[in-house]
Each structure stands twice: as C-alpha cells, then as structure tokens.
Enquirer: 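Pasting a structure below so you can have a look.
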Amino acid sequence: MARVLILGGGFAAVVAAESLAKRLGPDHEITVVSRNRNFVFYPALVRLAFGKSESSDITFDLRSALLDRRVQFIEAEIARIDCRERSVTIRSAEFRGELHYDFVLLATGRRLATERITGFFEYADHLLTVDAALRFGERVKTFDRGRTVIGHCPDARLPIPVFETAIALSRLHEKGECNRRAITIVSNETIDQMFAGAGLSGRIHDMLRLRGIEFISDFEITDVTPESVIARDGRRLDCGLRMLIPPFCGPGPVLGPGIINGEGYVKVDKRMRVEGVDRTYAAGDCVSLPGPKMGHMAVRQAAVAADNMVAELEGREPASTYDHEMMLVIDAGKESIFAKKDLWSDEPGEIQEGRFWGWAKRRQEEHWKAQHA
C-alpha cells in the first residue's frame with residue numbers, strides 16, 4: 001500500500017486526486033489536505049463581483065466531492081513539509097499532528113505578498129477570494145466620485161482580471177447603472193509583457209481605446225492610500241475606487257530549503273518532479289515555471305504529475321511531460337479575446353476574437369462544477 005498525500009485545494013489538487021483515485025486500487029490511500037474545504041472557480045470571480053453569478057455557482061464542498069471518489073479530506077493548515085523525511089506537520093483549531101507519506105504532490109498555490117505594497121491591506125481591493133470579490137462589488141454599487149484605478153502590481157502574474165474588471169466597469173457606464181468615471185489601468189509592464197509575448201497588445205489597446213480606458217505601462221505600484229495609488233517614482237493617481245492584483249510569491253519557508261527558488265516557488269522539471277527529492281511532485285501556482293499563473297496550466301500540470309506517480313507506483317519510469325502553454329479568454333462581450341501561446345517557443349501565438357469566447361468561458365465554469373463537484 002502507498003500513502004499519497006496531496007497538499008492544496010485548488011485546480012491541481014482536485015484533478016490529481018480524481019486521476020489517482022480512478023487509476024490506483026483501493027489498497028492505496030489518497031489524502032488531500034487543504035486549509036479551506038470550499039473549492040473556488042477563480043476565473044469567475046470578476047463575474048461574481050459584478051453580480052453575474054452567485055457564490056454557490058462557483059464553489060463546491062471539497063470534502064463531500066472527494067469522499068465520493070474514495071479520497072480522504074483533511075481541513076487544516078500546512079505548518080511544515082519535510083520532503084527528506086516524507087512528513088507533513090498540519091494544524092487546525094482542534095489539533096496539531098504529523099502525516100507521513102510515500103508520495104506527495106505539492107499544490108499549495110501562491111501566496112499574496114500584499115506586505116510588499118504599503119497600505120494594500122488597509123486600502124486596496126482585490127478579486128482573488130470570494131469575500132474580496134463580494135466586497136469590491138458592494139463598493140462599485142456605492143461608488144460615485146473620482147477615478148477608478150485597476151492595477152497589476154509588480155510580480156502579480158495574473159493580468160486577466162485587470163482587463164475584465166475595467167471592461168465590466170465601462171459596461172456599467174454604458175448602461176447608465178453608475179455615473180461615468182475615468183478608468184485607468186496601471187502596471188509596471190507592457191501588455192505584451194503581462195501576457196508573455198502572446199501578441200495581444202494591439203487588440204487590447206484597441207479595445208481599451210474604444211471604451212475610453214487609459215493604460216499606463218510604467219507605473220510600478222509601491223503604496224496605496226485612502227485617496228490614491230502611488231508609483232515608485234513618486235507619481236500619484238488620485239482615485240475613489242481601486243482594485244489591485246497584489247504581488248505573488250511562492251509558499252516559501254513552509255516547504256523547507258533546497259526545493260524553492262528565490263521567489264519561494266517550487267523548482268520542477270518537465271515531468272513535474274521536484275528537483276532534488278524523490279517521490280515528490282508539484283503542480284499549480286506554487287511551481288517556478290515562468291509567465292502568468294492560470295488554472296488550465298494547473299490542470300495540465302496535475303495530470304502530468306498523476307501520470308508519473310502512477311508510473312512510479314507500477315514500477316515504470318515516469319514519461320509524461322508538461323508543455324508550458326498559455327491559453328486564456330478575456331471575457332469582454334462581443335469583443336472577447338481568446339489567445340493560445342507556447343511559452344517555451346518563440347513562435348507567435350494563436351488569437352481569435354468574438355462573443356463566442358466569452359460564452360465558452362462561462363460554459364467552462366458550469367462544466368467544471370458538473371464534472372468535479
């Protein structure tokens with residue numbers, strides 16, 4: 001019997017747990033540990049903020065979903081991982097204990113490094129949790145003065161909500177559901193840099209220009225105050241409403257030394273094996289691969305990791321490899337944009353436009369819940 005431990009509760013954890021449960025016999029033990037028992041379909045949080053979906057539409061209970069698939073679930077914080085000793089220290093309000101494993105998948109996600117931006121916690125909104133999205137939605141309803149600043153902080157690595165939020169606000173203006181106010185997007189990167197060279201710059205600039213949305217690409221956010229967003233060079237944008245994607249970093253110290261890079265992300269090879277330790281895999285936002293952090297990447301990485309875990313358990317050499325491809329949709333109604341780009345290639349990406357892609361993104365949300373909840 002092998003004890004397989006999956007640490008995390010997002011896309012990678014769910015996909016890996018389901019794949020392993022289907023392919024391994026009942027004599028193997030599969031356990032998922034996550035600090036939150038609710039799975040959240042993160043790409044839908046912008047829609048949630050603007051009242052286009054309900055919390056129940058984009059979440060489901062992990063414990064019940066996984067138990068139906070012969071996977072144990074433990075709701076607890078991960079305090080420490082010792083990959084050499086193959087043990088994990090966990091804790092909750094009721095207990096603290098140690099779990100031992102034969103194989104582990106690290107799918108703990110990224111950490112929001114809000115401490116890097118002075119005043120972020122006190123004065124900025126973001127859209128990376130259900131509660132945060134709902135709070136921002138309430139602020140939008142009562143906002144009646146000044147500029148809106150939508151920001152992509154240094155190292156944020158998730159540009160899609162920035163542009164979807166700006167477009168959603170402009171639609172409210174068009175429909176007369178709120179007073180027309182200036183909307184400004186700020187980042188320390190160009191659009192091409194934000195989307196890893198996918199070739200979206202011209203199309204997104206055109207979309208923003210048509211809607212009167214300003215884009216500033218040399219604004220490195222360092223401070224947030226109750227009235228403004230401030231750049232490193234001292235420039236200040238006064239605003240009455242702000243939504244910022246904070247800096248990301250890896251989970252870092254909880255994983256222990258030797259397996260993380262300088263940003264705290266887990267170092268992996270193309271088979272999603274953690275460098276330098278046996279029987280240890282990683283997938284999702286916690287890994288050190290370059291470019292944006294997106295759910296579909298976590299899904300593919302988890303599938304590769306599960307394939308290779310099964311191979312090892314069956315005495316075969318792991319052979320499944322991950323191709324680092326970015327595939328995204330910016331939901332902007334009839335101006336929605338689809339892009340697909342191999343991030344390990346200099347070849348240009350594939351880009352398509354049209355209302356279909358926004359529809360397809362919303363159907364994917366429904367399909368995911370129907371398949372996994």
Side-chain angles (χ1 to χ4, degrees), residues 11 42-47 49-50 110 126-128 148-171 174 183-221 243-248 285 289-301 323-365:
F11 287 103
Y42 289 100
L45 286 171
V46 175
R47 287 178 51 77
F50 286 90
R110 73 286 183 271
H126 65 78
L127 291 177
L128 297 176
T148 297
V149 171
I150 312 296
H152 193 255
C153 295
D155 300 318
R157 301 181 70 171
L158 188 63
I160 296 173
V162 169
F163 296 96
E164 289 189 339
T165 299
I167 295 299
L169 283 168
S170 73
R171 282 179 179 166
E174 291 171 1
I183 302 171
T184 300
I185 297 174
V186 298
S187 174
N188 64 312
E189 297 179 309
T190 65
I191 290 174
D192 203 44
Q193 290 170 327
M194 294 167 79
F195 288 99
L200 291 172
S201 182
R203 288 171 170 82
I204 292 179
H205 274 297
D206 289 345
M207 181 172 63
L208 298 180
R209 193 177 303 113
L210 285 170
R211 293 179 174 274
I213 299 170
E214 181 183 19
F215 179 78
I216 303 174
S217 63
D218 62 347
F219 197 99
E220 183 180 348
I221 301 169
M243 193 290 287
L244 310 180
I245 304 298
F248 289 2
D285 287 358
L289 298 175
K293 301 288 187 182
M294 296 181 179
H296 76 93
M297 295 175 176
V299 167
R300 294 206 312 277
Q301 292 162 12
D323 295 317
H324 195 33
E325 182 180 75
M326 179 179 68
M327 189 163 54
L328 64 91
V329 171
I330 299 175
D331 187 356
K334 65 183 180 181
E335 301 157 346
S336 295
I337 299 173
F338 166 82
K340 184 178 179 181
K341 173 75 169 71
D342 182 349
L343 298 186
W344 284 335
S345 168
D346 293 330
E347 294 296 316
E350 173 190 350
I351 301 172
Q352 298 184 37
E353 297 177 76
R355 189 183 299 276
F356 166 80
W357 294 108
W359 175 86
K361 183 172 184 175
R362 295 189 290 274
R363 296 293 79 76
Q364 174 62 19
E365 171 190 330

Enquirer: Looking at side-chain heavy atoms only, is the closest gap between R211 and I183 below 4.5 Å?
Expert: no
Enquirer: Any side-chain to backbone donor/acceptor pair from E164 onto D331? Under 3.5 Å, distance only.
Expert: yes
Enquirer: How about M194 and I204: do any of their side-chain heavy atoms sit closer than 4.5 Å?
Expert: no
Enquirer: Any non-hydrogen side-chain atom of D342 less than 4.5 Å from a side-chain atom of D323?
Expert: no
Enquirer: Given the rule in the side chain to side chain contact (heavy atoms under 4.5 Å, CB included) test, do W359 and R363 qualify, once you have shown the distances and angles that lead to the verdict?
Expert: CA-CA 6 Å; W359 175 86; R363 296 293 79 76; 2.9 Å; yes
Enquirer: Restricting to non-hydrogen atoms, name the atom on M207 and the atom on A332 that form the minimum distance, rounded to 0.1 Å.
Expert: SD-CB, 3.7 Å
Enquirer: Quick one: does I150's side chain get under 4.5 Å of F163's, heavy atoms only?
Expert: no
Enquirer: Under 4.5 Å between any side-chain heavy atoms of R209 and D206, yes or no?
Expert: yes
Enquirer: Ring-plane angle category for H324 and W344, please: parallel below 30°, perpendicular beyond 60°, tilted otherwise.
Expert: tilted
Enquirer: Below 4.5 Å, heavy atoms only, C-beta onward: do Y42 and D285 meet side chain to side chain?
Expert: no
Enquirer: Are I167 and I330 close enough, and set up right, to give a side chain to side chain contact (heavy atoms under 4.5 Å, CB included), and what steps lead you there?
Expert: CA-CA 10 Å; I167 295 299; I330 299 175; 5.6 Å; no
Enquirer: Do you know the tightest heavy-atom contact between I351 and A198?
Expert: CD1-O, 3.5 Å
Enquirer: Are any non-hydrogen side-chain atoms of M297 and L343 less than 4.5 angstrom apart?
Expert: yes
Enquirer: A cation-pi test, strictly: NZ or CZ of R110 under 6.0 Å from the centre of the six-membered ring of F248 and no more than 45 degrees from its axis. Yes or no?
Expert: yes
